[in-house]
Number of protein chains: 2
Amino acid sequence: MTTRKEVADRAGVSIAVVSYVLNDSNYVKEETRRKVLQAIEELGYETNMAARALKMRKTEQLAVLINHMGNPHEAGLLLRIEEHAAKHNYMLFFQTFQKEKESKLKALLNGRVDGIFLLGQSLQEDTLHHFRKQNIPIVSVTTPVTRTEDVTCIDLDWTFEYARLIRLLKAKGHKRIAFMAIRDPEHPLQHRLGAFRRAMETERLQLEENDVFYADEGGLQSAYDKIKPSLSSPDRYTAIVSANDLMAAGIVAACRDRAVHIPNELAVAGSEDILMSSQTAPPMTVIHYPREKVGEIAMEVMLAKMQKRPAADRILQATLVERKSS
Amino acid sequence: MTTRKEVADRAGVSIAVVSYVLNDSNYVKEETRRKVLQAIEELGYETNMAARALKMRKTEQLAVLINHMGNPHEAGLLLRIEEHAAKHNYMLFFQTFQKEKESKLKALLNGRVDGIFLLGQSLQEDTLHHFRKQNIPIVSVTTPVTRTEDVTCIDLDWTFEYARLIRLLKAKGHKRIAFMAIRDPEHPLQHRLGAFRRAMETERLQLEENDVFYADEGGLQSAYDKIKPSLSSPDRYTAIVSANDLMAAGIVAACRDRAVHIPNELAVAGSEDILMSSQTAPPMTVIHYPREKVGEIAMEVMLAKMQKRPAADRILQATLVERKSS
DNA sequence: CTGTTAGCGCATTCAA
DNA sequence: TTGAATGCGCTAACAG
C-alpha cells in the first residue's frame, strides 16, 4: 500500500505538504504542487479512507435499515437514496433489518456511519438514545408507529391520498371498500391503515371491521392467502385498497384463481406504483408514490441534520394513477 | 464519545486489558473481566470501527457494484448477498455503477472495503490492477465480457440452460426462435446471447440474424419498444426467449397491446424468474435463476479469496419453470 | 495475568 | 511556503 510518506519522499517534501495539496487546505507553491501531484500519479497513491475517518470523526458513510428488500418499492427507494447520496460523496450501507438484530446495531454502526436512514423501521428508545449521544442523525422514510423527536420523517399525507382514491372509487359507485393491512402492530404500514380509516370517515363511508384484512407480512403470497377464502362470499365489499402494491398483486392473483372479475366484481387499488402493478392483469390503479423525490428529500434532510441545520418533517405529494383495475 | 481510555479508568485497569476482554485475545482474571464489562455497560461503550479498521487493515466492509438496481433480479441478488455477508459480520456497500464513475472508484473504495462484488460489471484493466495490488479480491456474479484471472465468477451454464429451454419449445413445435438481447457490446448480458447461439446450434436450430433483437437497455420499456413493430409482420418466429425477465415482460406487454396471443401466436420465455414473471398475463415460462444459492456461494468465494484460499469459478444449476406463456 | 508502548495513515497546529 | 510533531482510538508485541 502506498502511503503519504512514500509520496512525500518521492516528491522531496514532507507529508504535510502532500496533505495540503490533496485537501487544498494550505497554500503550496505551484512547482511543489506539481512535484507532489506527479509523485501521487506515479505511485498510484489513494487516500486511505479509514485513517481519514478516524482523524476527522467523519466517515462519509450512511446506513440504510430496510425492512424487506424483497419489496421493489423499498428497493426503489434505496436506489434513489443511493443516487443522491453518491452525489454528495456518501457511500451507502444497507442492512435488511430485523428486530432481533437491534441490540447488535450499535456495535455494528459505531464509528462507521454519519447517519442512518430508516426504511420502514422503528428503533427502540435506548437505541435512539445511543445514536443521539453520538450525534448520528436518523431520517425515516415512512412514519414509524411511535414518533420520536430526533427522528425526522419523510412521508406522504396518506389520509389525503387515500381520500382522493376513495373519491375515485365512490364516483364509480363503490360504497363498501375493504383494506388489506398487515397484522404486526409494530409494522410501519399500520400508519397507512390509520390514514385509510380517517379518509373513509372524511368521505363519509363506513369501514366495517371485517372488511379490514390483516396479512401476516407484506408479501404477495400472504395477501393472496388472506383474501382468497373471502372471495367466495356472496355479500361483500366491491372494492379493496391495499396498503402496499405487492399485496395488491396478491389480491389480483387470488381473483384470477377464483375467477372474480376485476373491476366488474371487485375493484383493486395499490399504494405505491411499483413496476409490477402496471403489468398485472388487469393493470392496477395505484397511488403513485414519488420515490425519486422522496429519495432526494431524504438525502437533503440528512445533510441538513448532519450539519446541525434545522430539519423538519416533510410531507410530499403523490399522484393517482388510474388503470384498469378500478 | 466513550473511548477505551475512559472504560479503563473507570474499571481501574489499563486500556490493554479492555482490549483483551473485548477481543478475547488474552487471558484476563475473571474478576477483572467483570469489572471491565461493567464499566463498558455503564458507559455504553462501543468499539470505534474506524480505528479498528485502521489498525487491523481490515474493514469488514464489502462493496457491491450493481448495474441496474431497478431490475428486481439484481436487487434480489444484492439482498441475498447481504444476507450471507451479515452472517459473517460484513457490512455491505452498494453502488449503482456507471462506467463514467470508474475513475473515481479507486479513491472511493480505498481503505474502505476488503472485497468487491460485481453484479453485471466489467472493470478496466488498470482498475483491476489497482485492486490486485491492494489485495482486494473481486468476485463477479455474471460472466463479464472480457475474462481476467483475478476476477472469480459465479454464473450458470447458460448454454446448458438455454438448450433445455429450447428443447421445451421444440417439443411444442417451435422451430424459429427469436432472442431479445441488448445492444451495448460491453454489457454482461452479451454472455447470454452467445450462450443462446451455442444452445441453438446444439439443438440443431437455425438462429436467424434478424431474429435477434437488440434492446437499448435491459428494461421493460426498451424491449417493448424494440419488439412491438415486428409483431405485425406475418411471417415470423413463433417463440422468443429474452436475456432477462424485465425485457420478457416488455414483450408480453407489447403482445397484449398488439393483440398477439401468448402462447398460441407467440411463446415467450425469460431467464431469471423474478416475481413479476409469475404475475404477467399469462404467467411466464422462465429459467429459474437460483439467486439464494448464488448469493451464498458468492460470499463463500469472497471469504475464501480474502483468506487467500484458492477459489475457482463456480457454475450453478438452474431449473426450468414452465408456465402459461409457452 | 496486566501494563507500557509503538505504530496504523491521516489532518493540523505551531514554528520556522 | 514548508516541516516537525501530536493525537484520533485501537491492537498486539513485549516486559514485567
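Heavy atoms only: backbone and side chains are in, while hydrogens, waters and symmetry mates are out. Letters A, B, ... mirror the listed sequences (proteins, then strands); counts begin at 1. These numbers come from a predicted model, not from an experiment.
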Any residue meeting side chain to side chain donor-acceptor pair (under 3.5 Å) with [X], in chain and number order, not counting sequence neighbours:
X       : result
B:Arg34 : none
B:Lys5  : B:Asp9
B:Thr96 : A:Glu82

Legend entry - A:Arg291 and A:Glu83 ion-paired at < 4.0 Å: no
Interatomic distance, [X] [atom1] vs [N] [atom2] [rounded to whole Å]:
X        : N      : atom1 : atom2 : answer
A:Tyr27  : C:dT13 : OH    : P     : 20 Å
A:Gln134 : D:dG9  : CD    : P     : 11 Å
A:Arg57  : C:dG9  : CZ    : P     : 19 Å
A:Asp24  : C:dT12 : CG    : C1'   : 15 Å
A:Lys29  : D:dG3  : NZ    : P     : 10 Å

Legend entry - Where at least one partner belongs to residues 295-305 of chain B, residue pairs that pass side-chain hydrogen bond (donor to acceptor under 3.5 Å, both in side chains), sequence neighbours excluded: B:Thr152-B:Lys305, B:Glu300-B:Arg314
Legend entry - Listed once per pair and sorted, the side-chain hydrogen bond (donor to acceptor under 3.5 Å, both in side chains) pairs that draw on residues 107-118 of chain B, sequence neighbours left out: B:Thr59-B:Asp114
Legend entry - Summary of protein contacts for nucleotides 10-16 of chain D, nucleotide by nucleotide, where a base hit scores B, a sugar-phosphate-only hit scores S (4.0 Å, heavy atoms): BBBB---
Inset, instruction - Please name all residues satisfying side-chain contact (heavy atoms from CB on, under 4.5 Å) with A:Glu102, sequence neighbours left out, ordered by chain then number. - result: A:Phe97, A:Leu123, A:Gln124, A:Thr127
Inset, instruction - List for me each residue that meets side-chain contact (heavy atoms from CB on, under 4.5 Å) alongside B:Ser14, sequence neighbours excluded, and say none if there are none. - result: B:Ala16, B:Val17
Inset, instruction - For DNA chain C, find the residues of residues 30-38 of chain B with a heavy-atom distance under 4.0 Å and give them by number; none if there aren't any. - result: B:Thr32
